[in-house]
Amino acid sequence: MNTPSLKTACKLLCGLLLTSCWLTASEGSLEAEGPVTLPPEVLAMPIETAVLTAPPHVPPPITRKQPARVVVHLEVREVEARIADGSTYTFWTFGGTVPGSFIRIREGDVVEFHLNNHPSSKLPHNIDLHAVTGPGGGATSSFTAPGHSSRFTFKALNPGLFVYHCATAPVPMHIGNGMYGLILVEPKDGLPPVDKEYYVMQGDFYTQGRYGEPGLQTFDMAKSIDEHPT
């Protein structure tokens, strides 16, 4: 298999190799306020809906040779699920899983990103994609209350593998509850073929109960500030 060096992978995962992207969003607007105005050359692009996958699965490689207008629909859900045997936790998720849904696009694509916050959510959320150079990586345009949707558009100009996360204050709490994932911007010439692709990402959790303590566990801000994960 063709794999990047650890140093290169860490730079990509940390979002240090930021793409230069074009943000054309309706700043923070809800879909109900009307459509986003796009240039004619973008409107002429073929349209496709992004295939999102839950870990450890990865969407199929992109085989097209031309950029497209890619529509991404990602939903925020606050879900109670198993964190250890006999223990549950209320995870804040992108797409219902931690890490969140894997997003795969191509260099040169124009992405129409829709963030939906499920009506059962208790809090507003947004998304900061490190593949976006713009106001907060899209966070400024995607602050979304429960039961609402937001939309912004960007063009991915440079390839890379980038983290995304919720950037709603307090940010460490939203990330610590599970709001992070990966977005891959494939090079325009594609990636070398491999035997199998997997989606693996590290995360820490900070619970008020000790590890393995039964019952529903809750987030512990003090442990998070001290960087002492349970």
Side-chain angles (χ1 to χ4, degrees), residues 6 9-16 52-59 72-103 113 115-132 136-140 142-150 161-184 197-230:
L6 180 59
C10 287
K11 283 184 177 180
L12 290 171
L13 288 171
C14 293
L16 297 179
L52 306 183
T53 56
H57 305 290
V58 180
V72 175
H73 288 278
L74 186 59
E75 184 175 60
V76 171
R77 281 181 174 266
E78 300 170 9
V79 296
E80 182 180 336
R82 175 185 174 274
I83 193 170
D85 289 340
S87 304
T88 59
Y89 189 85
T90 301
F91 297 95
W92 300 354
T93 75
F94 287 109
T97 63
V98 178
S101 301
F102 195 97
I103 305 168
F113 201 101
L115 186 69
N116 309 306
N117 194 352
H118 194 269
S120 64
S121 296
K122 301 291 194 298
L123 297 170
H125 299 284
N126 63 8
I127 191 166
D128 175 353
L129 300 122
H130 287 207
V132 176
T140 301
S142 61
F143 187 78
T144 311
H148 290 269
S149 298
S150 60
L161 180 64
F162 304 94
V163 68
Y164 69 77
H165 60 87
C166 185
T168 301
V171 178
M173 183 178 185
H174 287 251
I175 295 176
N177 278 320
M179 300 196 77
Y180 50 83
L182 292 178
I183 176 171
L184 173 63
E197 293 179 318
Y198 298 96
Y199 174 21
V200 180
M201 192 175 186
Q202 179 182 331
D204 295 328
F205 288 93
Y206 307 83
T207 63
Q208 292 189 359
R210 68 184 185 279
Y211 175 73
E213 186 171 319
L216 176 63
Q217 299 301 312
T218 55
F219 178 79
D220 191 312
M221 179 63 82
K223 288 182 182 178
S224 172
I225 294 172
D226 292 339
E227 298 185 0
H228 288 153
T230 311

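Here, residue 1 is the first one in the sequence, and each next residue gets the next number.
- Distance alone, capped at 3.5 Å, places no donor-acceptor pair between the Tyr206 side chain and the Asp226 backbone.
- Taking 4.5 Å as the limit, every side-chain heavy atom of His148 sits out of range of all side-chain heavy atoms of Asn117.
- To the nearest 0.5 Å, the span separating CD on Glu227 from CG on Asp204 amounts to 9.0 Å.
- Between the Thr230 side chain and the Thr207 main chain, a donor and an acceptor come within less than 3.5 Å of each other.
- Nearest heavy atom pair, residue Ser142 against residue Gly138, reads OG-O, 2.8 Å.
- Shortest non-hydrogen contact noted between Lys122 and Pro146 is C-CG, 4.1 Å.
- Taking CZ from Phe102 and OG1 from Thr53, the interatomic distance works out to 7.0 Å, rounded to the nearest 0.5 Å.
- Nearest approach of Gly176 to Phe205, heavy atoms of both residues: O-CD2, 3.4 Å.
- With contacts defined as side-chain heavy-atom distances shorter than 4.5 Å, the pair Pro55/Thr97 qualifies.
- Environment of CD in Glu80: crowded, with over 12 heavy atoms of neighbouring residues, nucleotides or ligands closer than 6.0 Å.
- Looking only at side-chain heavy atoms (C-beta outward), Met173 and Met221 come within less than 4.5 Å of each other.
- Side-chain contact between Lys223 and Gln208 is absent, with no heavy-atom pair separated by less than 4.5 Å.
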(Q) Go through it in stages, so that I can follow the logic: the residues are Met179 and Val76, the test is side-chain contact (heavy atoms from CB on, under 4.5 Å), and I'd like the CA-CA distance, side-chain angles, deciding distance and then a yes or no. (A) CA-CA 9 Å; Met179 300 196 77; Val76 171; 3.8 Å; yes

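- A pairwise comparison of heavy atoms in Pro172 and Ser224 identifies CB-OG, 4.2 Å as the closest pair.
- Rounding to the nearest 0.5 Å gives a distance of 12.0 Å between NE2 of His130 and CG of Leu161.
- In this structure a side-chain-to-backbone donor-acceptor pair under 3.5 Å is present from Asn126 to Ala167.
- Side-chain polar atoms of Gln217 and Ser87 form no donor-acceptor pair below 3.5 angstrom.
- Distance check, rounded to the nearest 0.5 Å: CD of Glu75 to OG of Ser149 gives 8.5 Å.
- Side-chain atoms of Ser150 do not come within 3.5 Å of backbone N or O of Thr144 as any donor-acceptor pair.
- His174 approaches Pro124 most closely through the heavy-atom pair CE1-O, 3.7 Å.
- Atom CG of residue Leu129 and atom CG of residue Leu74 lie 8.5 Å apart, to the nearest 0.5 angstrom.
- Side-chain contact between Phe113 and Ile103: present, with at least one pair of heavy atoms (C-beta onward) separated by less than 4.5 Å.
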May I have the list of side-chain donor-acceptor pairs in residues 89-96 shorter than 3.5 Å, sequence neighbours left out?
unit_1, atom_1, unit_2, atom_2, d
Tyr89, OH, Asn177, OD1, 2.3
Thr93, OG1, Arg77, O, 2.8
Thr93, OG1, Gly96, N, 2.9

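- Taking each heavy atom of Tyr211 and Ala84 in turn, the nearest pair found is CE1-CB, 4.4 Å.
- Rounded to the nearest 0.5 Å, atoms CD (Glu78) and NE2 (His125) are 4.0 Å apart.
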